Amino acid sequence: MLTLKYIQENKEEAIAKLKIKNLDATDIIADILAKDEGRKRTQKEQDESLAVMNSISKEVGQLFKTGKVEEANKAKEKSGQLKEQAKNLGQKLTQIESELHNLLVQLPNIPHETVPPGKGEDENVTVREAGKMPELHSEAMPHWDLAKKYDIIDFELGVKITGAGFPVYKGKGAKLQRALINFFLNENEKAGFTEIMPPLVVNEASGFGTGQLPDKEGQMYHVGIDNLYLIPTAEVPVTNIYRDVILTSKDFPVKHTAYSSCFRREAGSYGKDVRGLNRLHQFEKVEVVAIEHPAKSYETLDSMVKHVESLIQKLGLPYRLLRLCGGDLSFTSALTFDFEVYAAGQDKWLEVSSVSNFESYQANRLKLRFKEEGQKKTQLAHTLNGSALALPRIVAAILENYQTPKGIKIPDELIKYCGFDIIN
RNA sequence: GGAGAAAUGGCAGAGUGGUCGAAUGCGGUGGUCUUGAAAACCAUUGUACGGCAACGUACCGGGGGUUCGAAUCCCUCUUUCUCCGCCA
């Protein structure tokens, strides 16, 4: 959520920058500013009524104590009217505040100045491309066929037990999952991220804090009976650790990593993009989360991008790094870099990581603030996160790129984690 | 799931209708003393909104109510603890 202060002080800039996200915010911002004026006026009126009431109440107490009952009763009458007035103003205020809030949550985050304009993914900018493209043998196939051939991932079985998008990993397929999770967690820890094992279901306040609610409500599995949501990413519980927290500047940087299963309804996505491991309802992911001083958040974003890049390099996968354009940027992000790996068996680039700086957008919802050492004033922190990494598409790329006529070789770095060096 | 008890500032803990944004202790910060440190002593130490400021207003788990006035009384929800039941 953008802060009112920012909108007030940078109205034109906000409108101009939101155009990069292909949004004309002119009307909504005008609306917000008008509502806020109303809010101020109403609150001032209410404060004044309450102030008078408070002083009358004090008087009444004094009068009763000194035995001036008649005067006291007169004063009581007076405050009866004020009470009514204050109550009405209070209701009006609640109304305005909720309207204002509803408007504010409709505004997405302001994109960073380096975000290129563009409508959708075709206009993302490739920052760099690296890694060696594999040379496949003539019998090479996409991962869904490999999974079947070596009996390591069973999609049909998942359909039987749960439904489409919930694969069953078997034997070396299951071990490969475990190996990747450990590999990623260890590497992240070495890079200074402390490990968290969070709850996989969260309450409404947490969903709101990181921005999934209200705008992505339909994308989360909802446990109605308890009003809880299955997490779409560990970002949600981990970032919400810091909801309603005031840090001091020396706490920075806060860096966490967490492995979790992720659950996404993916309502409305069909077609061949969803084949095999390309898009699932449940998948495993290791996430990195950082909370930073506003002056340093872009430095930290860079270091997170480099770290994720090193993971992909260690797995020996060809990849490209994209700077997302305005049209492809998520609602809450100010700047996002995506990593895609090349999956040779299906001749496709697959997104495996998204590393973003949310600046103070999430922090404002979370009320995640900090104090500069020695200062009294609080200000909003910056939050960042990235996948490091999401497993299914990494597995898809490993299976496809490392396939040989004799079986699927395991990348060197992973052998010690797997306990085997080939799937055959 | 059943029965009972509780929820107050960073922590501990007092406060049962007005003088309470809240005693006291610990912790934090600044200072005095000291070569330095400790101890002692002094001062200071919640958040938000409005206001140039003085200051005003709100917040004692959340919401609602009674009252001229609520941390304090009532209702309700949530959470925690104890006991019982069930259980990985």
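Letters go in sequence order (proteins before strands), and every chain restarts at 1. A quick note: this is a predicted structure, and the numbers were derived from the prediction, not measured.
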Watson-Crick and G-U pairing of RNA chain B, under 3.5 Å, as dot-bracket with | and [ ]: ((((((((.[[[..)..(.....]]]((((((.......))))))(((((....))))).[[[[[..)....]]]]])))))))....
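- Residue D47(A) places no side-chain atom within donor-acceptor reach of the base of G50(B), judged by atom type and a 3.5 Å distance cut-off alone.
- A donor-acceptor contact shorter than 3.5 Å is absent between the side chain of D421(A) and the backbone of I415(A).
- Nucleotides A39(B) and U57(B), compared at atom P, are 41 Å apart to the nearest Å.
- Distance from the side chain of S57(A) is smallest for G18(B) among the nucleotides G18(B), G50(B), U67(B).
- Listed candidates were G56(B), A58(B), U47(B). Nearest to the side chain of A51(A) is G56(B).
- Residues E292(A) and H382(A) have side chains that never bring a donor and an acceptor to within less than 3.5 angstrom of each other.
- Each of K371(A) and K58(A) was assigned the nucleotide of RNA chain B with the nearest heavy atom; the assignment lying further toward the 5' end belongs to K58(A).
- Nucleotides U79(B) and C68(B) are separated by 34 Å at their C1' atoms, to the nearest Å.
- Nearest-nucleotide mapping onto RNA chain B: of G61(A) and K376(A), the residue sitting toward the 5' end is G61(A).
- The listed nucleotides are U47(B), C49(B), G65(B); the one nearest the side chain of K87(A) is G65(B).
- Counting only heavy atoms from C-beta outward, the side chains of E266(A) and Q219(A) approach each other to under 4.5 Å.
- Side-chain contact of S57(A) with N54(A): a donor-acceptor pair under 3.5 Å is absent, judged by distance alone.
- Side-chain proximity of N54(A) to U47(B), A58(B), C68(B): nearest is A58(B).
- For K83(A), the side-chain atoms get nearest to U67(B) when compared with the rest of A58(B), U67(B), A48(B).
- Taking the six-membered ring for Trp, H222(A) and Y229(A) have ring centres closer than 6.0 Å.
- With respect to E99(A) and K35(A), a salt bridge is recorded, a charged nitrogen being found less than 4.0 Å from a carboxylate O.
- Taking every side-chain heavy atom of R369(A) into account, U47(B) is the closest of A58(B), G69(B), U47(B).
- Residues F64(A) and N73(A) meet the side-chain proximity criterion, which asks for heavy atoms closer than 4.5 Å.
- In the set U47(B), G56(B), C49(B), the nucleotide with an atom closest to the side chain of Q43(A) is C49(B).
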